[in-house]
There are 2 protein chains.
Amino acid sequence: MKIKTTVASSTFCNLARQKQQAIVKEMVREFAAQGYKKASINTIVKNLGIAKGSLYQYFKNKETMFYFVFEQFIRLVKDSIKQGVSLDDKADFFVQVRKVMETALNFVDRYPDYFQIYLQILFEHDVPRRRELLAQVRLFSRDYFGPLCLAAREQGRIRDDVSPAMLIFVLDGIIDRLLQDYVRPLVDSSLELQKMGLKERTGGIDEIIKILRDGFRG
Amino acid sequence: MKIKTTVASSTFCNLARQKQQAIVKEMVREFAAQGYKKASINTIVKNLGIAKGSLYQYFKNKETMFYFVFEQFIRLVKDSIKQGVSLDDKADFFVQVRKVMETALNFVDRYPDYFQIYLQILFEHDVPRRRELLAQVRLFSRDYFGPLCLAAREQGRIRDDVSPAMLIFVLDGIIDRLLQDYVRPLVDSSLELQKMGLKERTGGIDEIIKILRDGFRG
DNA sequence: CGGTTATATGACCACCTGGTCACATCATGA
DNA sequence: TCATGATGTGACCAGGTGGTCATATAACCG
């Protein structure tokens with residue numbers, strides 16, 4: 001099974017699978033840790049033990065390397081969505097939100113570095129073709145949550161004194177926080193889900209859903 | 001009134017107020033836009049129209065410049081808290097949360113670049129003395145929300161099947177999102193509070209509080 | 001084997017970085 | 001007016017950046 005890409009050279013595509021994977025892994029690691037601009041090609045080749053010229057035979061330039069990695073990220077996301085979630089208008093809204101949270105958590109659990117790269121793109125304003133890249137991602141938010149939220153509201157599962165924009169804002173915010181907390185816990189307010197087993201994790205998500213549904217009031 | 005700092009040179013402190021402010025403003029702008037490592041001293045001096053050597057007579061090195069700016073940030077935060085909020089155990093919990101949100105929003109409205117610098121520190125893992133800096137900030141979160149949340153729970157204003165950690169996690173997450181959305185709206189899920197007048201903004205916050213209190217259920 | 005093409009290499013380039021310092025300019029006070 | 005100390009300056013440094021390319025090595029095939 002050949003690797004799918006629109007930007008890597010044929011030389012790279014014909015590389016031994018093992019070497020290929022090592023290169024991808026190291027590029028992902030470096031871009032995840034440093035973002036686009038701060039990422040160092042010298043560091044990448046040093047860690048791989050290959051010459052810089054070699055890397056530049058595989059990819060035209062730094063921007064292409066980044067885009068290649070991003071391509072892989074998009075592919076993984078799409079695969080995860082296909083496998084993990086099936087939109088079902090009839091199911092309870094909060095059950096569906098729950099499913100989305102679990103799918104998203106599974107993704108960042110499996111591919112934390114790829115998720116970090118996504119965060120880097122969100123945060124770094126001078127990433128090449130940033131707008132275009134982000135437009136490709138709007139997964140949990142627009143393509144997914146948008147329709148889900150609108151449907152839920154029309155079906156009366158959501159109080160009608162809450163605007164759709166606000167619903168999306170809060171849900172998206174909570175999920176984002178959940179994922180970021182998973183890969184990069186802050187000292188102050190962490191659920192530490194990444195330290196838990198599957199069962200506790202499920203319990204944590206349950207609690208969040210409960211809050212979203214019924215609020216904090218005692 | 002002399003500027004308060006523990007790191008700037010006396011030469012800088014004796015500078016004409018106007019020049020001083022211009023320098024502070026430009027450093028804040030650059031660090032806010034680029035973070036610590038990517039920030040360029042050459043850019044700063046070019047934009048200011050002064051020699052690099054001059055800047056290095058005001059501050060020992062880049063790290064000192066960054067710390068100086070951070071010092072100012074902390075000062076502004078403390079002032080804002082003093083003015084904006086008074087902890088009141090007897091007031092309704094959600095009313096207090098509301099007050100915190102408004103105070104925080106006012107801060108990022110007045111000092112968006114300083115808030116950006118805070119975000120940069122949160123996100124950039126190789127900022128010098130990062131842990132120490134972040135420890136000084138835990139404002140809305142630990143020093144503030146922690147006691148508030150615990151008190152609210154003990155007084156039964158919060159449902160007792162929600163853990164304190166979860167309460168802090170969700171509140172902190174929502175506020176964080178609110179502030180980030182204010183200075184750096186995402187295309188997909190933005191409330192666009194920054195485009196609104198004071199009244200609409202108040203309405204937006206009200207809606208959030210309502211959701212936190214009673215949840216989304218229709 | 002020889003010949004030809006594909007891959008690997010690292011010295012090298014121009015450019016930028018944070019930082020220095022000998023020197024120029026200015027202000028002050030006698 | 002002149003001397004002294006404070007302030008301003010930018011050429012310069014070592015080190016890092018993304019990127020190139022002539023050359024060396026390997027792989028393949030007749």
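This is a predicted model, so every value here is computed, not measured. Chain letters run A, B, ... following the sequence lines, proteins first and then strands; every chain starts at 1.
- Between the side chains of A:Arg201 and A:Tyr182, a donor-acceptor pair is found at a separation under 3.5 Å.
- Checked against the 6.0 Å centroid threshold, B:Phe115 and B:Phe107 do not count as a close aromatic pair.
- For A:Thr64 and A:Asn61, the side-chain atoms include at least one donor-acceptor pair closer than 3.5 Å.
- At least one test fails for A:Arg129 against the ring of A:Phe66: distance under 6.0 Å to the centre or angle within 45° of the axis.
- A heavy-atom distance below 4.0 Å to DNA chain D is reached by these residues of residues 27-59 of chain A, ordered by number: A:Ala39, A:Ser40, A:Ile41, A:Asn42, A:Lys52, A:Gly53, A:Tyr56.
- In the region residues 7-22 of chain B, proximity to DNA chain D at under 4.0 angstrom, judged on heavy atoms, holds for B:Thr11, B:Lys19.
- When DNA chain D is scanned in the 5' to 3' direction for atoms under 4.0 Å from non-hydrogen atoms of chain B, the outermost contacting nucleotides are D:dT7 to D:dG10.
- By the salt bridge (Lys or Arg N to Asp or Glu O under 4.0 Å) test, A:Glu71 is found to be paired with no residue, residues two or more places apart in sequence or in another chain being considered.
- Within the structure, the salt bridge (Lys or Arg N to Asp or Glu O under 4.0 Å) test picks out no pair touching residues 109-120 of chain B (sequence neighbours left out).
- Taking every heavy atom of both residues into account, A:Cys149 and A:Leu171 meet most closely at SG-CD1, 4.0 Å.
- Counting to the nearest Å, the C1' atom of C:dT17 and the CG atom of B:Asn61 are 14 Å from each other.
- For an aromatic pair to be called close, the ring centres must be under 6.0 Å apart, and A:Phe12 with A:Phe68 satisfies this.
- A:Gln180 and A:Arg177 form no side-chain donor-acceptor contact under 3.5 Å, judged by distance and modelled atom types alone.
- Among residues at least two apart or in separate chains, there is no side-chain hydrogen bond (donor to acceptor under 3.5 Å, both in side chains) pair with a member in residues 9-22 of chain B.
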